[in-house]
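Keep in mind that the numbers below use all heavy atoms, side chains included, and drop hydrogens, waters and symmetry copies. Counting starts at 1 for both ligands and their atoms, following the listed order.
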Amino acid sequence: MTNRLTSWTLLFTLAALGTALAGAQAPHPQNPRNHHNPGPEHFTKRVVATALGNPWEITWGPDGFLWVTERSAFRVTRVNPANGTKRVALALEGVYQSSDQEGLLGMALHPDLLKGRGRDYVYLAYTHDIDPGDAVTRNLRIRRYTYDRASQTLTSPIDVLDGLPAHDDHGGGRLLFGPDAKLYVSRGDQGANWLANYCNPTRSQDLPTADEVTARDWSTYQGKILRINLDGSIPDDNPVLQGVRSHILSYGHRNPQGMVFNAEGRLYAAEHGPSSDDELNLIAAGQNYGWPLVAGYRDDRSYAYQNWSASSPEPCRTLQFDAITSPPPVPVTKESEWHEPFVPPLVTFFTVPAGYDIRAARAATIAPAGIDLYTSPAIPGWANSVLITGMRTGAVYRVKLSRDGTSVDGAPLEYFKLSNRFRDLAISPDGRHIYVSTDDHGVTMGDKGETVNVLADPGVILEFTFTRQ
Ligand SMILES: [Ca+2]
Ligand SMILES: [Ca+2]
Ligand SMILES: [Ca+2]
């Protein structure tokens, strides 16, 4: 049943994308993702572990193992990076997963894990059905486990926060333990106004009322980054937005799937754009990041907000979705017609000129998922760079930050190009090895910029070792 639903969703998605991006299997010279900017450093590649069920989060643990969530296999697995040996720490029950954006998603390790301080905690984010047996009502749950060193398993589950809205598309799901001992959770816009969910309104700009917070109604937590106390409560110093303090740290997001802090406590997040303008953002408390009124910069280039859900007089359901052109009943708002303050991205992948022909040249996105911060001196010049996985381009991008971390220094450089969907990454403490996890199916880009759906290394963890400049 699960597989059938997954296939159906995938087929629908591919069919819709095929309609939107018709006839474009070969690279197009105007598409910026076909203009490569490879970094000069040399790396060797090694397959560390195979047969993983869509490894989603990989993070370096204090035990020297890679801790991995397997999104579609519902397992937390510890992988020995030296020999690829796998040990399952948890086979999670009660996960609901029918699409590629659901399942066991984020994982955050408590900084005291295995430090002998009695806080051997591991936090997980996963989708579940709140009323199994009835119609499917998805939620995202944040749950804490305790790692038992003797059995090498995760035990004693305690739910931190439940009832976060979830759906079958644009699920965010990254989980991060902040330097302020808060949990950070990214929530996508649930794919609203897009593909199969095109008649659902985008709620990224919606903020909760005081009554909703009192009632623990988190339905506005779509297209948000949340900041949560370790017991699930709302931090006293979270921003007050329209008079209400909630778990919301920032809003106006589309689908943030990468988050990382730097040493000064600055939070960076990457999110998926529509047909252009994937973003790397510097997240500030209480700020609006623009979606769905703005994609990338407020420049009226290739994006305008086509609000299918507000179609009138013909209701949305009578219309056929098209990712590029909407019919007259669908209201369209140009970016410049929206005047609210918002924070523009540090960099985009990619902003295209006005008149860019998406139908001919295809979407100009990399599909960024996990990100990490490179801080080591091991690779000369790399310290203070954000590494970003590109699922749709089969590359990892390095964005050098300015010294103060508030802007980027130069154009992104491209590494590890392969026909893979790079999902997440981790860096060894010595800075010499970069580990990348891959999806086990899906669409990416081949060596010549062509669209491919046969992946080179599906469902694995790869190690890239720096050899020379
Ligand atoms: Ca990671
Ligand atoms: Ca934005
Ligand atoms: Ca724009």
Side-chain angles (χ1 to χ4, degrees), residues 55-61 65-69 71 76 79 81 105-109 123 125 173-177 184 186 188-189 202 204-205 223-225 250-261 268-284 287-306 333-338 340-356 358 364-365 368-374 386-389 396 422-428 433-438 461-462:
W56 202 89
E57 167 71 53
I58 57 169
T59 191
W60 188 276
F65 280 60
L66 289 163
W67 289 59
V68 183
T69 59
R71 178 184 61 76
V76 175
V79 174
L105 302 172
M107 172 173 60
L109 309 183
Y123 300 87
R174 194 64 60 185
L175 192 57
L176 202 60
F177 196 101
Y184 291 77
S186 70
D189 71 1
T202 304
S204 302
Q205 294 289 324
K224 309 294 190 304
I225 292 176
S250 62
Y251 62 106
H253 297 288
R254 187 170 183 270
N255 190 17
Q257 285 198 322
M259 292 196 294
V260 69
F261 279 97
Y268 300 90
E271 68 180 69
H272 298 262
S275 299
S276 65
D277 293 288
D278 296 332
E279 301 176 350
L280 177 66
N281 288 303
L282 175 56
I283 302 300
Q287 297 301 305
N288 187 345
Y289 286 78
W291 184 255
L293 284 309
V294 172
Y297 310 100
R298 184 147 50 194
D299 54 11
D300 287 338
R301 289 198 186 176
S302 66
Y303 175 77
Y305 174 34
Q306 303 169 4
T333 307
K334 289 167 67 174
E335 290 179 325
S336 60
E337 290 170 342
W338 181 68
E340 299 292 317
F342 84 108
V343 180
L346 296 178
V347 65
T348 60
F349 300 84
F350 296 94
T351 296
V352 292
Y356 178 85
I358 295 172
T365 51
I371 69 175
D372 218 333
L373 189 74
Y374 191 90
V386 178
L387 304 183
I388 303 175
T389 56
V396 170
F422 292 138
R423 174 62 68 169
D424 191 30
L425 41 82
I427 302 166
S428 64
H433 309 286
I434 294 159
Y435 297 92
V436 186
S437 63
T438 66
I461 294 172
L462 301 175

### Query
Would you call the rings of Y184 and F261 parallel, tilted or perpendicular, where under 30° means parallel and over 60° means perpendicular?
perpendicular

### Query
Taking atom types as modelled and ignoring hydrogens, do the side chains of S336 and D300 form a donor-acceptor contact shorter than 3.5 angstrom?
yes

### Message
I'd like to know: is the Ca ion (ligand 3) within the 3.0 Å range of an N/O/S atom from D299, strictly under that distance?
### Response
yes

### Query
By atom name, which N, O or S atom of E57 is the nearest to the Ca ion (ligand 1)?
OE2

### Query
Yes or no on side chain to side chain contact (heavy atoms under 4.5 Å, CB included) for T69 and R71, after CA distance, side-chain angles and deciding distance?
CA-CA 6 Å; T69 59; R71 178 184 61 76; 5.8 Å; no

### Message
Just checking: G296, one of its N/O/S atoms, less than 3.0 Å away from the Ca ion (ligand 3), yes or no?
### Response
no

### Query
Say you draw a straight line from OH of Y435 to CG of D372; how long is it, rounded to the nearest 0.5 Å?
13.0 Å

### Message
One thing to verify: whether R301 and E335 come together as a salt bridge, which I'm taking to mean a side-chain N less than 4.0 angstrom from a carboxylate O.
### Response
no

### Message
At a threshold of 3.0 Å, where the distance has to be below it, does the Ca ion (ligand 3) have an N, O or S atom of Y297 nearby?
### Response
yes

### Query
So, D424 and the Ca ion (ligand 1): N/O/S under 3.0 Å, yes or no?
yes

### Query
Got an N, O or S from N281 under 3.0 Å of the Ca ion (ligand 2)?
no

### Short N/O/S contact of E271 with the Ca ion (ligand 2) (below 3.0 Å)
no

### Query
Any donor and acceptor pair, going by atom type alone, linking the side chain of R298 with main-chain N or O of W338 inside 3.5 Å?
yes

### Query
Quick check: does E335 have an N/O/S atom under 3.0 Å of the Ca ion (ligand 3)?
yes

